[in-house]
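Heads up, the thing below is written out as structure tokens.
The sequence lines fix the lettering, A, B, ..., with proteins before strands; numbering per chain opens at 1.
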Protein chains: 2
Amino acid sequence: MTSVQRDGSGATALDEPAETGKRLSSDERRRQILVAALAVFGTRGYEGATTDEVARAAGVSQPYVVRLFGSKENLFLATIEDALTRLLAAFRAALAAEEDDGLTAAKRIGQAYVDLIEVRGLHQTLAHAYLLGSNPVIGAAARRGFAAVWRFFREEMGIDADEARAFMAEGMLISTMIGLRIVDDYGSDPQITELFRSCFPSELPHVLDVLPRGDERW
Amino acid sequence: MTSVQRDGSGATALDEPAETGKRLSSDERRRQILVAALAVFGTRGYEGATTDEVARAAGVSQPYVVRLFGSKENLFLATIEDALTRLLAAFRAALAAEEDDGLTAAKRIGQAYVDLIEVRGLHQTLAHAYLLGSNPVIGAAARRGFAAVWRFFREEMGIDADEARAFMAEGMLISTMIGLRIVDDYGSDPQITELFRSCFPSELPHVLDVLPRGDERW
DNA sequence: GTCTATAGTCGGATAGAC
DNA sequence: GTCTATCCGACTATAGAC
């Protein structure tokens, strides 16, 4: 965010055409790759994902992904940091939104969380990160992120610890169900259908629309 | 669980000493390996774990682990199935327990969930499995397991969909915090301390005792 | 029932050209 | 800024002996 528009035409010694549609500023590429990484890490997890898969999803070569981020681990760190930034930004926007629709702040924030499903892989990637607590570097970053969300609820939103915990809990359940792809059994298994409906009371149709389904590649 | 005591001394053509402390019935080995696998998959996840790590944790050779379970994937499937069986068994025991302590069934079951922390890696492994929904074989198994837990709440315990959802949600939060190793920051970060306390109101001391900490190898 | 040796594959990272 | 070629370590799985 707040992209630093360095280069694009500047101190570079080369006179390459910048409008090929191929050569972008490394800042833009970084953003493209982060989008791809979010999706890939979301489906595969940190260890399961390959830098090559991310690269292909972003339309660049595998070594270039590594080159830009230094390592797969750094790429993952950048990815979850980005995800967290978006998450908190969405929460803040929801908190600040006018109440023209008569919804409470809590409802609006909950809604914002569900809406983030549209950002492919965001919830899943964060959930994966949260399970990596034993990894010295990723774990530490994940804990910081988790704590930041908690802080948002307590300090910015101003709810008490019990309410904050309930909020987080609902969030974890939603993330889990997305990662589980419970949608895949929606409709076929009455039990699952009920569970799913219980999680997304009002926004069901939209959610069903947006969620990736089983036909997608693993 | 109702171990099938096949062999141990039977149709085998060999006259090996069975009490070397080394050579066990494959049934016992399987169980040992499942215990090790639960711990390893719990910290590393499915892709992050190696069959070699599991083997060393169980005190056998890597090829033997593969030999006994056929493949890493099968080992993982067997591991989560075992975990689910234990989980539901604990829930059923809690549900059936006398109310001599004046606790409601809900409290007893919640307690049982927290107590399962003592089974190393159980919560973390299940949580990992739940995030693998996109994997055709593991995802399907994970969904079945998740649905089985839901069914327990709705049919055996008899609570309604909203209560069941709240239960699941709390459970997912607890699992997440264990996987995050939020304990590692307990005491040092006031925010985290509060969050942690909020999740384990009464059983805090015990939980702090049982949870693996940061010093453990990744 | 269990091991050692090893084949085979995959994937992250590096070198270096354009 | 981006690619191709490639090295090398890691890891699953197989072969086959004891």
- Counting primed atoms, P, OP1 and OP2 as sugar-phosphate and everything else as base, the B/S/- map of nucleotides 12-18 of chain C against protein heavy atoms under 4.0 Å is BBB-B--
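Residue B:Phe69 contributes atom CZ, which lies 15 Å from atom P of D:dT12 at whole-angstrom precision. Look at CZ on B:Arg56: it is 12 Å from C1' on D:dA10, rounded to the nearest Å. Between the OH atom of B:Tyr64 and the P atom of D:dT14 there is a distance of 16 Å, rounded to whole Å. For the pair A:Glu28 CD and D:dT2 P, the computed distance is 10 Å after rounding to whole Å. One atom, CG of B:Asn74, and another, C1' of D:dT14, lie 16 Å apart when rounded to the nearest Å. Between A:Leu68 atom CG and D:dG1 atom C1' the separation is 8 Å, expressed in whole Å.
Between the side chain of A:Arg154 and the main chain of A:Ala164, no donor-acceptor pair closer than 3.5 Å is present. The backbone N or O of B:Gly187 lies less than 3.5 Å from a partner atom in the side chain of B:Thr193, making a donor-acceptor pair. Within the 3.5 Å criterion, the main-chain N or O of A:Tyr113 finds a donor-acceptor partner in the side chain of A:His123. Of the possible polar contacts, one joining the B:Arg143 side chain to the A:Leu180 backbone as a donor-acceptor pair under 3.5 Å is found.
Shown here is B:Glu81, whose CD atom has no more than 12 heavy atoms of other residues, nucleotides or ligands within 6.0 Å.
For B:Glu203, the salt bridge (charged side-chain N to carboxylate O under 4.0 Å, His left out) criterion is met by no residue, not counting sequence neighbours.
Taking 4.0 angstrom as the limit, A:Arg29 places a side-chain polar atom (N or O) nearer than this to OP1 or OP2 of D:dT2. When the side-chain nitrogen and oxygen atoms of B:Ser26 are compared with OP1 and OP2 of C:dG1, one or more of them lie within a distance under 4.0 Å.
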